[in-house]
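Letters A, B, ... mirror the listed sequences (proteins, then strands); counts begin at 1.
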Number of protein chains: 2
Amino acid sequence: MPTPERTTLPAVVAAARAIVEEHGSEGLTMQAVAQRVGVRAPSLYKRVASRDALVGLVVESTLTDLTLELEAAERGADEPRAALVAIAQALRTFALAHPACYAVALGPLPAASRPAHELLVTSSAPVLRATSAVVGSADALAAARTVTAWATGFLAMELSGAFRLGGEVGPAFDYGIALLADALAAR
Amino acid sequence: MPTPERTTLPAVVAAARAIVEEHGSEGLTMQAVAQRVGVRAPSLYKRVASRDALVGLVVESTLTDLTLELEAAERGADEPRAALVAIAQALRTFALAHPACYAVALGPLPAASRPAHELLVTSSAPVLRATSAVVGSADALAAARTVTAWATGFLAMELSGAFRLGGEVGPAFDYGIALLADALAAR
DNA sequence: CCTCATGGCTATTGACGTTAGCCATATTGG
DNA sequence: CCAATATGGCTAACGTCAATAGCCATGAGG
C-alpha cells in the first residue's frame with residue numbers, strides 16, 4: 001500500500017467510543033475523532049462514509065460487548081427464571097458501566113446508524129431463550145419483548161435522571177424484574 | 001407596545017410542533033419555524049432563549065396534551081386494574097397519533113429542553129393513582145415506575161421500528177399490560 | 001409632538017459535516 | 001532497478017445551522 005497508514009478503522013472506532021463515553025454523544029465530532037487518532041478530519045472519510053456511519057460502528061461495537069455480557073450472565077444461571085433475572089441485571093450493570101455508549105446504542109438512531117439486523121438478533125437471543133424456557137415457545141417472543149421493553153425503558157429513565165422523585169433506584173429495578181419473572185413463571 | 005408584533009409565542013410553539021410532526025425533530029430548524037410564522041430566524045430569539053428552549057416548550061405542550069388524555073382514560077374506567085390498562089392504551093394511542101412529538105417529549109433531552117418538574121408530576125399522577133389503588137401506597141411508586149418503564153420502552157421500540165422480527169405489535173402490547181396488571185393485582 | 005422601549009431586520013460569526021482536488025509515497029510489474 | 005499506479009493524507013472550500021451585534025422603524029405615553 002502507498003503512503004503508510006497513520007491509523008486504522010478499529011482505532012477510529014475505539015477513539016469514537018472513548019469520546020462518546022467521555023464527552024457524550026454530542027461531543028462526537030469528526031474533528032475530535034481525527035485529533036484523537038492523529039489525523040485531520042477529512043482523512044476519516046477514507047475509512048468511514050459519514051458521521052452517522054461511524055456512530056453505527058460505535059453502536060455495533062457496543063452491542064457486541066453487551067452481547068458477551070448477556071451470554072455470560074445466561075451461562076451463569078442454572079434455572080430459567082434465574083437466567084432472566086441475571087440477564088436483566090447484566091444489562092443494567094453494562095448500562096451503568098458505559099452509560100453514554102449504552103444510551104447511543106439503545107436510543108433512537110438515524111437510519112444510517114442502525115446496526116446490522118443479524119447483530120440485533122444475536123444480542124436479543126439470550127433473553128429470547130430465557131423467556132422461551134419460562135413461558136414456552138408460543139409466547140416467548142411477546143414475553144421477551146415485554147421484558148426488553150421494561151428493561152430498556154427503565155434504564156433510559158435511570159440514565160436520563162428521570163427518577164428524581166425519591167426512592168432508591170436499585171430496589172425498584174429488582175422489584176420490576178422480580179414482578180415480571182414471577183408473572184411469566186405463573187403462566 | 002412599539003412595532004406591531006407579527007407573531008406570538010404560542011404561534012411559534014405551534015409552528016414548531018407542526019414541523020416536528022411533519023419533518024421529524026431534526027427538521028426543527030430556527031429557519032423553518034421562522035418561515036412558518038412569517039418572520040426571520042433571528043427574530044425568534046425575541047421570544048425564545050435558544051433552540052433547546054423551544055424544544056422544551058414543544059415538550060411541555062405535548063406533555064400537557066398527553067396528560068389530558070391520560071386523565072380522561074383514568075376517568076373512563078370504573079376499576080383500578082381497568083384504569084391501569086386504559087391509561088396504558090391511551091398512552092399508546094397518543095404516541096401513534098403524534099409519533100414525532102411523543103418521541104421528542106419522552107426521548108432523551110438536553111438539560112435546557114427538560115420540562116418543568118411540576119409538569120412531570122402531574123403527567124405521571126394518573127399512573128401513580130392507578131397503581132396505588134392496585135398495590136397499595138407502599139409499593140405504588142415502584143409499581144408505577146415498572147409500568148411506565150415498560151410502556152415507554154415498548155413505545156420507543158415500536159416507534160423506532162425495532163419490532164422487525166415478525167409478530168403483531170398490538171397484541172404484544174396487550175400481552176404486556178395484561179401481564180403487568182395481573183402481576184400487580186396478585187400482590 | 002417627542003421620547004424611548006421594543007420587535008424585526010441584515011450582516012456576521014463560529015461550529016460542523018462533507019466534498020474537491022492535490023501531493024506524497026510504497027508497492028508492483030517490467 | 002525503475003517507473004507506473006493506487007491510495008492515504010492534506011489544505012481549501014462550501015453549505016447549513018444556531019446565535020449575536022447592531023441598526024431601524026414604529027407606536028404608546030407624557
Side-chain angles (χ1 to χ4, degrees), chain A residues 1-60 100 104 107-114, chain B residues 1-60 100 104 107-114:
Chain A
M1 312 252 175
T3 303
E5 316 188 344
R6 295 200 202 159
T7 185
T8 64
L9 181 56
V12 168
V13 175
R17 270 190 73 166
I19 288 166
V20 167
E21 215 50 86
E22 288 169 23
H23 302 95
S25 60
E26 77 286 354
L28 183 66
T29 72
M30 299 304 270
Q31 260 199 54
V33 175
Q35 183 174 353
R36 192 148 186 145
V37 298
V39 127
R40 299 288 187 162
S43 303
L44 294 177
Y45 290 86
K46 295 288 163 94
R47 321 246 167 213
V48 151
S50 66
R51 193 196 104 112
D52 279 353
L54 176 56
V55 171
L57 294 175
V58 168
V59 169
E60 294 197 344
V104 169
L109 286 174
S113 303
R114 298 242 167 86
Chain B
M1 309 254 177
T3 303
E5 316 188 343
R6 293 199 203 162
T7 186
T8 63
L9 181 56
V12 168
V13 175
R17 271 190 73 168
I19 289 167
V20 167
E21 215 51 84
E22 287 169 24
H23 303 96
S25 61
E26 76 286 352
L28 183 67
T29 71
M30 299 303 270
Q31 260 199 55
V33 175
Q35 183 174 353
R36 193 149 187 143
V37 298
V39 129
R40 300 287 189 163
S43 303
L44 294 177
Y45 292 88
K46 294 288 163 89
R47 320 248 167 212
V48 150
S50 67
R51 194 196 104 112
D52 279 354
L54 175 56
V55 171
L57 293 176
V58 168
V59 169
E60 294 197 344
V104 169
L109 287 174
S113 302
R114 298 242 169 86

Quick check for you: among [options], whose closest atom lies nearest to any side-chain atom of [X]?
{"X": "P42(B)", "options": "dT20(D), dG17(C), dT26(D)", "answer": "dT20(D)"}
{"X": "T7(A)", "options": "dG9(D), dC16(C), dT20(D)", "answer": "dG9(D)"}
{"X": "R47(A)", "options": "dA26(C), dG8(D), dA18(D)", "answer": "dG8(D)"}
{"X": "S50(B)", "options": "dG9(D), dA19(D), dT19(C)", "answer": "dA19(D)"}
{"X": "T29(B)", "options": "dC17(D), dA20(C), dC16(C)", "answer": "dC17(D)"}
{"X": "V39(A)", "options": "dG27(D), dG9(D), dC9(C)", "answer": "dG9(D)"}
{"X": "R6(A)", "options": "dC10(D), dG7(C), dT20(D)", "answer": "dC10(D)"}
{"X": "R51(B)", "options": "dG17(C), dT11(D), dA18(D)", "answer": "dA18(D)"}

On DNA chain C, compare the nucleotides closest to A49(A) and E26(A); which residue's is nearer the 5' end? E26(A)
[X] [atom1] to [N] [atom2]: how many Å, rounded?
{"X": "E5(A)", "N": "dT25(C)", "atom1": "CD", "atom2": "C1'", "result": "12 Å"}
{"X": "L9(A)", "N": "dG9(D)", "atom1": "CG", "atom2": "P", "result": "12 Å"}
{"X": "L44(A)", "N": "dT11(D)", "atom1": "CG", "atom2": "P", "result": "13 Å"}
{"X": "Q31(A)", "N": "dT11(D)", "atom1": "CD", "atom2": "C1'", "result": "13 Å"}
{"X": "L28(B)", "N": "dA18(D)", "atom1": "CG", "atom2": "C1'", "result": "12 Å"}
{"X": "K46(B)", "N": "dC23(D)", "atom1": "NZ", "atom2": "P", "result": "13 Å"}
{"X": "L54(B)", "N": "dA19(D)", "atom1": "CG", "atom2": "C1'", "result": "14 Å"}
{"X": "M30(B)", "N": "dA15(C)", "atom1": "CE", "atom2": "P", "result": "19 Å"}

May I ask you to say what T8(A) touches in the nucleic acid, namely base, sugar-phosphate or nothing, with a heavy-atom cut-off under 4.0 Å? nothing
So does T7(B) get a backbone contact from the side chain of R47(B), meaning a donor-acceptor N/O pair under 3.5 Å?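 Checking the backbone N and O of T7(B) against the side chain of R47(B), a donor-acceptor pair under 3.5 Å is found.
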Between R36(B) and E22(B) (salt bridge meaning N to carboxylate O under 4.0 Å), is one present in this structure?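 Counted as a salt bridge, because a side-chain N and a carboxylate O are separated by less than 4.0 Å.
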Between R114(B) and E60(B), is there a salt bridge with N-O shorter than 4.0 Å? no
Is the phosphate of dT11(D) approached by R40(A) (side-chain N or O, under 4.0 Å from OP1 or OP2)? yes
Phosphate OP1/OP2 of dG7(C): any S43(B) side-chain N/O under 4.0 Å: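 For dG7(C), OP1/OP2 do not have a side-chain N/O of S43(B) under 4.0 Å.
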For the residue pair S113(B) and D52(B), what are the closest heavy atoms and their distance?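 Heavy-atom minimum between the residues: OG-O, 2.8 Å.
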For V48(B) and A53(B) the tightest heavy-atom approach is CG1-CB, 4.4 Å
